[in-house]
Amino acid sequence: MANITNQPEWLDNAVFYEIYPQSFCDSNGDGIGDINGIISKLDYIKELGCNAIWMNPCFASPFGDAGYDVSDYYAVAPRYGTNEDIKRLFDEVHKRDMHLLLDLVPGHTSVEHKWFKESMKAERNEYTDRYVWTDSIWEEPQGMGCIRGISDRDGSCAVNFFSHQPALNYGFYKPDPDKKWQQSTDSEGAKATLEELKNIMRFWLKMGADGFRVDMAGSLVKHDEEGKGTIKLWQNVREFLDKEFPLAAMVSEWGEPDKSLQGGFHMDFLLHFGPSHYNDLFRCEEPFFSSRGKGDVSEFVKKYIENYEKSERKGLICIPSGNHDMDRLARSIKGDNLKIAFAFLLSMPGAPFIYYGDELGMNYVENLVSVEGGYGRTGSRSPMQWDDSVNDGFSSAPKEKLYIKMDDNADRPTAKSQIADECSLYNEVRKLISIRQKNSALQSKGEIEFVFAEKNEYPLCYLRSDDKQKILVVINPADKEVSFSCGYAPKEAIYSIGGDITADNGVLTVPPCFAGWYIL
Ligand code: NOJ
Ligand code: CA
């Protein structure tokens, strides 16, 4: 069983907004979003109802992977502002009773990081063992890509993601005794890397960050298929946090909540890769949230229950509306089904994460040339559309200087137009968040029990409950009426879209394109 760490209380009703800093709001007209721009939009986020923020990496970087290739963990990238600016961001967030998680990238750096440059030198130095190097250029680290032929040092350096992201050394779970370069997790090099990671965390937490979303959290210890070494590493970090920053919140990009929670994370993401079946709902040929009604929710539910049981039936699995790595929700889900999808996302346990612009139904911008290692992800990272001014209010820069080209679809949404339209997706999401915030059973820690989730069938029905209330959620994205037998008799609807359900002798009949939350 997972060893669940005490949660910072604010996570109980946290609703997160993910900010991609380069695409959110440009305050100085250079075409790239920045921290002052974010500060100017905090009231917008608060007004939507979100009380927490995850901000993607904002540290110094050559931006070969949009900032997931850090060259200095202790400095804000000049294009976003200064360390003083981010300190002010923390203060402004806290003034509004909100919290902010930074994005911690512990597994790899940029090739331009000074530690890596030192580690490339032939003579031994403090950083020689900071990365995973073989001890001959002719030997590649098995099972990992590598960088070779660019250093005086005779060796190949393992990479974690792109070929310019060398893997930091946290050791191997079971080093092969015939391969001396595979260091153990308690070798001096691995220990020094871990201590440096704690220094980085300490630096930002002291300044006012409320915690971290951790990039590729499950990948630190090498050749660690079952994750045992990596879990132990995070338990060590947990001890440090418990001692120095017990209120810091930790959310992992891991996708295996039983492991990440054992490691002392508070919450884990349900991800678009691995066996989560998350994509069955939103991003596949026949998503469940489609009026065609040809999707299947059952495999997702099966996997969800498995994870839920393994994590002690606590609300610790976060289901995002999307993120900077996956297609925009609105690429495959249309019209009222976007509202229905949010009625699902905002009634599930764990903290919901709304990717900037998803509350407006922002488009995936097709056919863009890759920007900063985005490739197919670039279309989901286009600038936020604020209003009807130049560049939709994102930036005053000339068009050709914008970080990513704006969506130029004539019917693209903007925050301004959606705020003014009572029937907009924005107003629906706002309403859903405010109802969630008034009903504790719907929040992070309320229990969930699936009532109806059959193979290739609609609707989806589940019960959320805590010691104060029980709420039945019925979701039917399909364009046809459906009935199912249900042991619960819904009374008062606290939310509905698409009409109302009727109950007859334990059979509920659900209208087409419908979602409803009912107090029992
Ligand atoms: C996951 C991040 O979300 C993604 O954007 C990045 O490219 C990789 N990790 C590598 O850090
Ligand atoms: Ca700027």
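When a ligand or atom number is given, it counts from 1 through the structure's own listing order. Numbering of residues begins at 1 and proceeds along the displayed sequence.
- Residue Glu372 does not touch ligand 1, judged by heavy-atom distances below 4.0 Å.
- In this structure, Tyr356 has its ring center at least 6.0 angstrom away from the ring center of Trp54.
- A donor atom on one side chain and an acceptor atom on the other are found under 3.5 Å apart for Asp34 and Ser27.
- Residue contacts to the Ca ion (ligand 2): Ser27 brings no N, O or S atom closer than 3.0 Å.
- Note: angle at the Ca ion (ligand 2), from OD1 of Asp26 to OD1 of Asn28, is 70° (rounded to 10 degrees).
- A ring-centre distance under 6.0 Å is not found for Trp234 and Phe240.
- Using cut-offs of 30° and 60° on the angle between ring planes, the pair Phe353 and Phe269 is perpendicular.
- For ligand 1, none of its N or O atoms has an N or O atom of Gln165 under 3.5 Å away.
- Phe59 and Trp204 have tilted rings, their planes meeting at an angle from 30° to 60° on a 0 to 90° scale.
- Of all atoms in ligand 1, listed by their number and element, those nearer than 4.0 Å to a heavy atom of Tyr68 are 2 (C), 3 (O), 5 (O), 6 (C), 11 (O).
- Ile32 lies close to the Ca ion (ligand 2), since one of its N, O or S atoms is found at a distance under 3.0 Å.
- Set against the non-hydrogen atoms of Phe161, the atoms of ligand 1 under 4.0 Å away are 7 (O), 8 (C), 10 (C).
- For the residue pair Ser61 / Asp69, a side-chain donor-acceptor distance below 3.5 Å is found, with atom types taken as modelled.
- Below 4.0 Å from some heavy atom of His324 lie the following atoms of ligand 1, by number and element: 2 (C), 3 (O), 4 (C), 5 (O).
- For ligand 1, the atoms sitting less than 4.0 Å from at least one non-hydrogen atom of His108 are 10 (C), 11 (O), numbered in the order shown with element in parentheses.
- For Met326, the closest heavy-atom approach to ligand 1 does not fall below 4.0 Å.
- Ring-centre distance between Tyr173 and His223: not below the 6.0 Å cut-off.
- Ranking protein heavy atoms by distance to atom 5 (O) of ligand 1, first place goes to Asp325 OD1, 2.7 Å.
- Atom 9 (N) of ligand 1 has its closest protein heavy atom at Asp215 OD1, 2.8 Å.
- Note on ring orientation: taking the six-membered ring where Trp is involved, the planes of Phe63 and Tyr80 are perpendicular (angle over 60°, cut-offs 30° and 60°).
- Remark: ligand 1 atoms within the under-4.0 Å shell around heavy atoms of Arg377 are 4 (C), 5 (O), 6 (C), 7 (O).
- The OD1 atom of Asp30 and the OD2 atom of Asp34 subtend an angle of 170° at the Ca ion (ligand 2), given to the nearest 10 degrees.
- Among protein heavy atoms, atom 6 (C) of ligand 1 sits closest to Asp65 OD2, 3.4 Å.
- Proximity of the aromatic rings of His113 and Tyr73 is defined here by a centroid distance below 6.0 angstrom, and this criterion is met.
- Taking the six-membered ring for Trp and the full ring otherwise, Trp386 and Phe394 have centroids separated by 6.0 Å or more.
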